[in-house]
Amino acid sequence: MYQPTVVNLKLYIRICVFSLVAIPVYIKHNISFSNKGSTGRFDITIGPKQTMGKVVESVLVIVHMPKGVLNMTLTATQGNYTFDPVTKVLIWDIGKIILPKLPTLKGLINLQSGAPMPEENPTLNVQFQIQQLVVSGLKVNRLDMYGERYKPFKGVKYVTKAGTFQVRT
């Protein structure tokens with residue numbers, strides 16, 4: 001029978017915060033519905049901001065469209081999109097933002113004829129990830145370990161990950 005050895009190990013991490021948190025992506029949006037017809041316009045562009053040269057990846061935009069939307073005819077410059085006409089959810093999976101051309105999703109919104117114009121615009125839910133970047137300014141300056149004979153390597157892997165943040169249109 002294997003018995004793991006018990007090691008009395010203390011790990012101390014000193015944390016320094018240097019700046020305020022700023023969201024490292026920006027979104028330009030224009031979502032509008034026509035008063036007279038049964039159509040609307042949809043235009044979203046997303047780009048990096050303050051990423052210090054790091055690549056923004058795993059970008060996902062989720063939009064819950066109003067009930068009166070029947071279908072959407074869109075064109076994406078990067079990634080793929082799907083629109084579910086039953087749940088009225090648009091999902092745009094961009095992946096990595098490849099510069100210099102920014103990802104854009106634009107096209108027409110088809111509304112139910114005779115239905116009233118939607119009273120409010122949808123909210124954009126955005127998710128993303130950036131490797132080796134901490135937007136909060138969090139930094140590991142020193143690592144102290146007691147109870148061990150070897151000297152640990154001071155290496156830290158930073159990841160910025162947005163759970164979900166909303167952009168109101």
Can you check whether [X] reaches [Y] side chain to side chain, under 4.5 Å on heavy atoms?
X     : Y      : answer
Asn30 : Arg41  : no
Ile46 : Leu102 : no
Phe33 : Asn121 : yes
Ile31 : Pro122 : yes
Lys49 : Val25  : no
Ile27 : Ile44  : yes
Met72 : Met65  : yes
Val63 : Phe83  : no

> Hydrophobic clusters join Ile, Leu, Val, Met, Phe, Trp and Tyr when side-chain heavy atoms are under 4.5 Å apart, directly or via other members; which others share one with Leu60?
Replying inline: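 When side chains under 4.5 Å apart are linked, the cluster holding Leu60 also contains Ile62, Val89, Ile91.
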With rounding to the nearest 0.5 angstrom, report the [atom1] to [atom2] distance, [X] to [Y].
X      : Y     : atom1 : atom2 : value
Gln131 : Ser58 : CD    : OG    : 8.0 Å
Asp43  : His29 : CG    : NE2   : 10.5 Å
Phe128 : Ile97 : CZ    : CD1   : 9.0 Å
Leu90  : Phe42 : CG    : CZ    : 5.0 Å

Check residues 104-114 and write down every donor-acceptor pair under 3.5 Å in which the side-chain atom is one partner and the other belongs to a residue at least two apart or another chain.
residue: Thr104; atom: OG1; partner: Thr45; partner atom: OG1; Å: 3.3

> Can you name the residues that form a side chain to side chain donor-acceptor pair (under 3.5 Å) with Asn80, not counting sequence neighbours?
Replying inline: none
> Please walk me through it: do Lys96 and Val56 pass side chain to side chain contact (heavy atoms under 4.5 Å, CB included)?
Replying inline: CA-CA 6 Å; Lys96 289 183 182 179; Val56 182; over 6 Å; no
